[in-house]
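Naming convention: chains lettered A, B, ... in sequence-line order (proteins, then strands); numbering from 1 in each chain.
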Amino acid sequence: MLDTKFILANLEQVRRALEAKGADAHVDLEKFAELDAQRRQAQAENDRLAAEKNKLSKLIGPLMGKLKAAAGDAARAEAQQAIDALKAQGAELDARIQEQAFAFAKAETQQDRMRHWIPNVPHESVPGGKSAADNPVVRTWGEPKRFEFKPKYQYELGEDLGILDCARGAKVAGSGFYFLCGDGARLERALVAWFLDEHRKAGYREVLPPYLVNEKTLFGSGQLPKFLDQMYYANEDKLFAIPTAEVPVTAFHRDEMLAERDLPRKFCAFSACFRREAGGAGADTRGILRVHQFNKVEILKYTTPETSWAEHESLTADAEALLQKLRLPYRAICLCTGDLGFSAAKTYDLEVWAPATGKWLEVSSCSNFTDYQARRSNLRYKPDGGGKPQFVHTLNGSGLALPRIQATLWEHYQQADGSIVVPEVLRPYLGGQEQIEKQP
RNA sequence: GGCGGGUUGGCCGAGUGGUCGAAGGCGGUUGCCUUGAAAGCAACUAGGCUCGCAAGGGCCUCGGGGGUUCGAAUCCCUCACCCGCCGCCA
């Protein structure tokens, strides 16, 4: 969420952000400015009337005392009369206050509602562009692998080896759900444990978050109200299934006041992620590249505004380090203004080369949200030198998303006989096992 | 799910109708003292909105919402959460 004053002072910049990220029928900046003027005008009048009313009420107290102490009917009647006169004045004010309060509430509510739909403003370093096609590659690592044989696709490898079962996933839950079996499930567990261990070594504190969260939590990270249709919802209990651990972990410190000396705060979290992917049918649906439930390890930071851009680079590097240790060729791209997410000010995507599929697959998305989520989450810190509370900056990235890592890993490490070599760093997590072979 | 007790500032905690945005303490900032530190002493120290060039005002906020009242942290209703006991349960 952006600050109202910022929006009004930077109307053009906000307008450009809106246009780049996809204009929204909920937002009309002219109207927003108009509502702001209405709101302030109504508040000024309301406050003035309320002050007057407060003064009247304060006068009544002493008179009540006088009434109680009054000796004789005449004195009592006099005090009573004075009180009644004040009450009558108060009643008149009440009617006008109610009117102004209503006008104020109406303007404020409308303004707030609109504000909830205004996206974050891209950082000045974010390249312009309309779609994913315009995202520049900022660096590449490793060489795409060449095979002496015709490599198999991720879903063929998985199904042939017996480590992936999409048909039974569909039977049990529906399209977009799958079973990992045998060494496939074990490999997933190994990856998760290794990711978390690596992050812990890099200073991230591990948390295991709730998978169901309330509406306020989703509002805080920016999923609601805009992405309601992408969410699984348990109506009876008013709980949403998390689309990423970013959501509960960003809300970890919601409505809190941190101390500057405690920043940055770094967390890593494993969770299942649930996404309806409504309207996403068609592309990448074969196998496990786009599914309704998947596992992911997320890394996340709370920082001061001064350090967030440097922390963004290092967070991205932390995610990249995993790919390098797995020896998977990848590239980092910077999302252009048109491809940037709703809450993000800047995002790097990490894409791993899937040699059989012949595509770069996104396995991590590392973003700086500046104070956008912190404002929605009321998440502030007190500067060490004293002074007003400030909103923190929040950042997060995948480190990493499991299905696509499994898919690219299978494709990259496959051998002519259809088996898969286990990357060295993972072997200790699999009891020293060096390859995955066909299994029942 | 049932009954009972709670929710007050960065934190702890007092406060049962006006003099309360709120005692006291902790923490923090500054000053004095000290070679330095500690201790001690003193002052300051909630947030949001708003008016104003500023100085400085005004309004709102004691978990959320609603009500009673001229006036609510305080009384009533309701929701959420926390603690305890009972029931059920991986």
Side-chain angles (χ1 to χ4, degrees), chain A residues 1-9 32-69 79-115 208 210-220 234-240 248 251-263 265 302 304 371 374-392:
Chain A
M1 199 156 59
L2 299 175
D3 180 38
T4 297
K5 285 186 191 126
F6 173 88
I7 297 170
L8 293 169
F32 186 84
E34 203 177 292
L35 284 168
D36 190 68
Q38 281 171 22
R39 187 195 102 241
R40 293 209 321 274
Q41 202 265 329
Q43 182 178 350
E45 184 59 14
N46 179 69
D47 286 0
R48 196 184 61 73
L49 292 167
E52 213 173 307
K53 178 73 193 288
N54 287 342
K55 264 182 215 152
L56 280 182
S57 289
K58 287 221 166 75
L59 291 176
I60 291 180
L63 286 174
M64 293 296 271
K66 210 180 265 183
L67 179 64
K68 272 185 196 154
Q80 187 63 55
Q81 206 171 21
I83 289 167
D84 289 344
L86 287 174
K87 282 194 188 181
Q89 279 183 57
E92 250 172 70
L93 279 172
D94 277 342
R96 292 164 63 195
I97 288 172
Q98 209 160 37
E99 210 175 290
Q100 285 304 321
F102 180 76
F104 171 76
K106 193 175 158 195
E108 192 186 41
T109 307
Q110 283 185 45
Q111 199 185 11
D112 272 350
R113 206 172 289 155
M114 201 179 282
R115 208 153 66 109
L208 186 60
Y211 289 3
L212 297 178
V213 296
N214 58 34
E215 183 177 345
K216 234 177 146 182
T217 292
L218 280 155
F219 176 81
N235 189 48
E236 196 75 2
D237 297 294
K238 298 183 166 53
L239 291 169
F240 296 82
F252 187 79
H253 284 304
R254 169 152 60 79
D255 292 318
E256 290 185 24
M257 185 78 74
L258 304 176
E260 181 177 2
R261 60 182 165 277
D262 293 334
L263 299 174
R265 245 178 211 202
Y302 299 92
T304 61
D371 62 358
R375 188 169 269 116
R376 291 172 88 100
S377 299
N378 185 33
L379 204 179
R380 296 171 299 169
Y381 73 93
K382 256 202 161 121
D384 283 344
K388 288 270 171 198
Q390 306 285 320
F391 288 106
V392 304

How far, in whole Å, is [M] from [N] if one measures between their [atom1] atoms?
| N | M | atom1 | result |
| --- | --- | --- | --- |
| B:rG63 | B:rC82 | C1' | 11 Å |
| B:rA72 | B:rC60 | P | 9 Å |
| B:rU7 | B:rC12 | C1' | 14 Å |
| B:rU69 | B:rC53 | C1' | 42 Å |

Next item on the list: Measure the CG-OG1 distance between A:D262 and A:T304 for me, rounded to the nearest 0.5 Å.
Entry: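 Interatomic distance, A:D262 CG to A:T304 OG1, rounded to 0.5 Å: 12.5 Å.
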* Asked: For the atom pair CD1 (A:I7) and CZ (A:F32), what is the distance rounded to the nearest 0.5 Å?
  ->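 Answer rounded to 0.5 Å: 4.0 Å.
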| said: Nearest heavy atom decides the nucleotide; on that basis, is A:L56 or A:R380 closer to the 5' end of RNA chain B? | reply: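 Counting from the 5' end, the first nearest nucleotide belongs to A:R380.
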### Toward the 5' end of RNA chain B, by each residue's nearest nucleotide, A:D47 or A:E108
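It is A:E108, whose closest nucleotide lies nearer the 5' terminus.
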Do A:D94 and A:Q98 meet the criterion of a side-chain donor-acceptor pair at a distance under 3.5 Å?
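No, no side-chain donor-acceptor pair sits under 3.5 Å.
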Can A:D112 and A:R115 be counted as an ion pair, charged N to O under 4.0 angstrom?
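Answer for the salt bridge query: yes.
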Checking A:R376 against A:F219: charged group under 6.0 Å from the ring centre and within 45 degrees of the axis?
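Verdict for A:F219: a cation-pi partner in A:R376.
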OP1 or OP2 of B:rC59 under 4.0 Å from side-chain N/O of A:N54:
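Checking A:N54 against B:rC59: at least one side-chain N or O falls below 4.0 Å of OP1 or OP2.
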*At under 4.0 Å, does any side-chain N or O of A:R40 touch on OP1 or OP2 of B:rC51?*
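Yes, within the criterion.
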Among B:rC49, B:rG18, B:rG71, the nucleotide that comes nearest once only the side chain of A:I60 is considered: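 Looking only at heavy atoms from C-beta outward on A:I60, the closest nucleotide is B:rG18.
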task: Kindly point out which of B:rC60, B:rG18, B:rG47 is positioned nearest to the side chain of A:A50?
output: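 That would be B:rC60.
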Checklist line | Touch class at under 4.0 angstrom, heavy-atom based, for A:K238 against every strand present | finding: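 If one applies the 4.0 Å heavy-atom cut-off, A:K238 turns out to touch nothing in the nucleic acid.
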> Hey, does A:A51 reach any base, or is it just sugar-phosphate, or nothing, if we go heavy atoms under 4.0 Å?
Replying inline: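 Result for A:A51 = sugar-phosphate.
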Keeping to residues at least two apart or across chains, list the side chain to side chain donor-acceptor pair (under 3.5 Å) pairs with something in residues 210-219 of chain A.
->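 Qualifying pairs, neighbours excluded: A:N214-A:T217, A:T217-A:R254.
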Notebook entry, point to check: For RNA chain B, which residues in residues 82-98 of chain A have a heavy atom at a distance below 4.0 Å?
Noted result: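 A:K87, in order of number.
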Between B:rG47 atom P and A:L379 atom CG, what is the distance in whole Å?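 Distance check: A:L379 CG to B:rG47 P gives 16 Å.
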Review point. If you take all heavy atoms of A:Y381 and A:L263, which pair is closest and at what distance?
Key: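 Between these two residues, the closest heavy atoms are CG-CD1, 3.7 Å.
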Checklist entry - Considering every strand shown, what is the Watson-Crick or G-U wobble mate of B:rC26 when both distances are under 3.5 Å? => result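 With both distances under 3.5 Å, B:rC26 matches B:rG10.
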